[in-house]
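Working notes, beginning with the structure itself.
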Amino acid sequence: MTPAAPDPVLSRLSRSANHGALWLATAAALAATRTPRARRAATRGLASLGLASLTVSALGRRTFLHPRPAPVPLIGQLKRRPTTTSFPSGRAASAAAFATGVALESPAWGTVVGPMAASLVLFRGRTGAHFPGDVLTGAALGVGAAFAVRGMVPTRGQVAPPARPRAEVPALPDGEGLVLVANTAAGSAERARALRDALPRAEVVECEPGDVPAELEKAAARARVLGVCGGDGTVNAAARVALRFGLPLAVLPGGTLNHFAYDLGIEDVRDLVRALREGEAVRVDVGRYSCGGKHGVFLNTCSVGVYPELVRERERWSHRIGGWPAGVLAALRVLRADGHPLEAEFQGRTRPLWLLFAGNGTYHRMGLASGRRKDLADGQLDVRVVHGGRRPAVRLLAAALAGPLTRSPAHAAVQVGRLRLDHVAPGTLLAYDGEVIEVEGRVTLEKLPEALTAYRPIPSG
């Protein structure tokens with residue numbers, strides 16, 4: 001049977017897939033949406049495509065020297081017939097791998113990318129460039145590559161935080177009773193307005209960073225639920241107020257990193273709106289630091305040593321050159337400086353420390369990816385220590401690459417409920433949730449188990 005004439009649109013689509021160009025462009029378009037799910041989906045799609053291409057090249061075509069089908073009438077041919085072996089179809093593998101990878105991370109984006117990939121796979125079988133088995137095998141290799149990548153780096157859905165301990169909170173179908181304070185400097189105004197559109201009776205207060213603490217106090221005095229939209233520092237300020245007033249907290253990520261919101265399971269307006277409408281929430285741990293008359297809380301991390309210096313240096317440059325470039329410059333300046341390790345008494349021994357990091361909850365690696373918390377109510381401070389010595393950059397890099405740190409001459413890791421540092425030198429910097437203060441003498445870190453109630457969508461089943 002003579003193949004049907006190729007559709008001009010599909011022909012151009014097939015040509016654009018040469019060397020993965022179509023999928024690189026699609027990944028760039030997904031990343032441009034600036035949503036966490038879309039960026040992760042794009043990254044996973046490209047990783048799956050890369051593994052599929054490697055598999056086809058290394059295992060398929062070098063092993064099975066399968067000729068192309070005999071030439072078909074011109075009406076059914078591609079303009080340029082491939083000269084490589086036919087088995088398996090590399091473009092079918094790439095299309096299936098990218099689309100499957102995207103769908104595993106984000107089913108919604110998968111429904112957008114999937115039809116395009118399916119059309120390309122079917123088109124390869126209609127043109128006479130491949131036998132049907134070549135196309136099917138290529139597609140199967142692509143799907144398998146995507147699942148293999150998921151095995152190495154689990155999706156967010158696979159490591160969702162446990163829906164416990166659940167908390168009783170009011171359901172707000174139209175948002176009545178919610179007062180949300182949005183830090184406009186964090187670029188969160190658009191998200192805050194989207195929440196107000198979804199929950200028309202919610203009150204949204206937009207303010208500059210300097211006005212955030214005062215507006216949170218006023219909001220808590222009249223709210224049933226205190227809401228906040230901003231980065232981790234703004235969320236920290238809201239948590240302090242929510243704890244003092246005994247209010248549940250609704251967090252809408254609006255900053256650069258948004259560690260607490262993402263680990264809680266809230267990535268966008270849709271997640272928070274669902275939790276508020278359904279009245280879904282959990283209790284989470286809070287970390288607390290104290291030093292003399294200074295005290296406060298942290299939702300993510302607290303640290304002394306090199307990292308607080310890096311935070312302060314980054315803040316000096318971020319308004320001039322942007323956040324990420326400032327972070328790189330700060331790291332280079334701090335690690336190259338002729339500084340000395342912090343001297344402090346830790347676990348009964350006075351020792352030099354380049355870094356002491358305490359996480360509010362245990363941080364885990366997601367396969368080969370960076371760490372995150374699976375449980376926000378585990379009652380543990382995740383303490384990571386990089387000991388003093390020569391070459392701090394090498395020690396810190398080794399500690400970072402080690403993931404969950406094990407004891408060694410360079411670094412150590414322990415999980416405790418309370419930690420005390422003694423004989424801390426005056427002027428030592430302490431960083432908590434991106435903020436920096438000076439401490440000296442005795443510094444105490446401890447957990448407040450299940451102290452804060454936070455809205456989050458509870459997974460079904």
Side-chain angles (χ1 to χ4, degrees), residues 35-37 156-157 160-183 186 188 191-205 212 215-216 219-232 234-255 258-286 297 299-300 360-361 372-377 433 448-461:
T35 61
R37 281 194 182 93
R156 282 270 174 168
R164 62 151 192 87
R166 297 187 66 163
E168 294 295 328
V169 293
L172 309 179
D174 55 7
E176 184 175 7
L178 169 67
V179 183
L180 182 136
V181 177
N183 181 353
S188 58
R191 286 193 172 191
R193 291 164 192 164
L195 181 133
R196 183 166 50 195
D197 291 340
L199 301 173
R201 302 195 68 175
E203 180 183 350
V204 174
V205 180
V212 166
E215 292 298 336
L216 286 168
R222 63 181 184 274
R224 294 178 68 198
V225 175
L226 180 63
V228 61
C229 182
D232 286 317
T234 303
V235 174
N236 180 289
R240 295 198 305 267
V241 175
L243 286 168
R244 192 165 66 254
F245 281 80
L247 293 173
L249 185 65
V251 179
L252 181 60
N258 307 302
H259 290 300
F260 180 71
Y262 292 166
D263 286 347
L264 190 63
I266 295 177
E267 298 191 346
D268 51 31
V269 173
R270 179 181 56 185
D271 293 329
L272 182 58
V273 167
R274 174 190 154 186
L276 287 164
R277 284 176 173 168
E278 300 297 326
E280 298 175 335
V282 293
R283 295 191 301 276
V284 300
D285 293 347
V286 173
V297 302
L299 300 177
N300 300 305
N360 176 33
R372 62 168 298 209
R373 291 167 291 182
K374 300 178 183 178
D375 189 348
L376 293 176
D433 291 351
L448 303 177
E450 301 180 18
L452 179 67
T453 296
Y455 279 84
R456 63 148 294 189
I458 305 298
S460 58

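Only heavy atoms go into these numbers, but all of them, side chains included; no hydrogens, no water, no symmetry mates. Quick caveat, the model's predicted, so the values are computed rather than measured. One is the number of the first residue; the rest follow in order along the sequence.
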Out of curiosity, [X] [atom1] to [Y] [atom2], how far, rounded to the nearest 0.5 Å?
{"X": "Leu252", "Y": "Ile266", "atom1": "CG", "atom2": "CD1", "result": "8.0 Å"}
{"X": "Asp263", "Y": "Arg456", "atom1": "CG", "atom2": "CZ", "result": "11.0 Å"}
{"X": "Asp232", "Y": "Asn258", "atom1": "CG", "atom2": "CG", "result": "6.0 Å"}

query = Who pairs with Glu203 by side chain to side chain donor-acceptor pair (under 3.5 Å), at least two apart in sequence or on another chain?
reply =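 With sequence neighbours excluded, Glu203 shows a side chain to side chain donor-acceptor pair (under 3.5 Å) to Arg222, given in chain and number order.
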So which atom in [X] and which in [Y] form the shortest heavy-atom distance, rounded to 0.1 Å?
{"X": "Pro248", "Y": "Tyr455", "result": "CB-CE1, 3.8 Å"}
{"X": "Leu243", "Y": "Ala451", "result": "CD2-O, 3.3 Å"}
{"X": "Pro165", "Y": "Ala377", "result": "CD-CB, 3.7 Å"}
{"X": "Ala219", "Y": "Val181", "result": "CB-CG2, 3.9 Å"}
{"X": "Ala261", "Y": "Pro253", "result": "CB-CB, 3.8 Å"}
{"X": "Ala202", "Y": "Leu195", "result": "CB-CD2, 4.4 Å"}

Using the salt bridge (Lys or Arg N to Asp or Glu O under 4.0 Å) criterion, which residues pair with [X]? Sequence neighbours excluded.
{"X": "Asp197", "answer": "none"}
{"X": "Glu176", "answer": "Arg201"}
{"X": "Arg224", "answer": "none"}
{"X": "Arg270", "answer": "Asp268"}

inquiry  = Asn300 vs Arg373, test: side-chain contact (heavy atoms from CB on, under 4.5 Å). Steps then yes/no.
reply    = CA-CA 9 Å; Asn300 300 305; Arg373 291 167 291 182; 2.6 Å; yes
Name all residues meeting the side-chain contact (heavy atoms from CB on, under 4.5 Å) criterion together with [X]; count only those two or more places apart in sequence or in a different chain, and write none if there are none.
{"X": "Ala192", "value": "Leu180, Ala182, Val204"}
{"X": "Leu247", "value": "Ala220, Leu226, Phe245"}
{"X": "Ala237", "value": "Leu216, Arg240"}

Any donor and acceptor pair, going by atom type alone, linking the side chain of [X] with main-chain N or O of [Y] inside 3.5 Å?
{"X": "Arg283", "Y": "Arg166", "answer": "yes"}
{"X": "Glu280", "Y": "Ile458", "answer": "yes"}
{"X": "Asn360", "Y": "Asp285", "answer": "yes"}

Worked verdict on Leu299 versus Val235 for side-chain contact (heavy atoms from CB on, under 4.5 Å) = CA-CA 9 Å; Leu299 300 177; Val235 174; 3.7 Å; yes
message = Show, in sequence, the C-alpha distance, side-chain angles and deciding distance for Asn236 and Phe260, and conclude whether the side-chain contact (heavy atoms from CB on, under 4.5 Å) test is met.
response = CA-CA 9 Å; Asn236 180 289; Phe260 180 71; over 6 Å; no
Are the side chains of [X] and [Y] in touch, meaning some heavy atoms are under 4.5 Å apart?
{"X": "Leu199", "Y": "Leu276", "value": "yes"}
{"X": "Val241", "Y": "Val228", "value": "no"}
{"X": "Val282", "Y": "Leu264", "value": "yes"}

inquiry  = Run the side-chain contact (heavy atoms from CB on, under 4.5 Å) test on Val297 and Leu452 for me, step by step, so that the C-alpha distance in whole Å, both residues' side-chain angles and the decisive distance to 0.1 Å come before the verdict.
reply    = CA-CA 11 Å; Val297 302; Leu452 179 67; over 6 Å; no
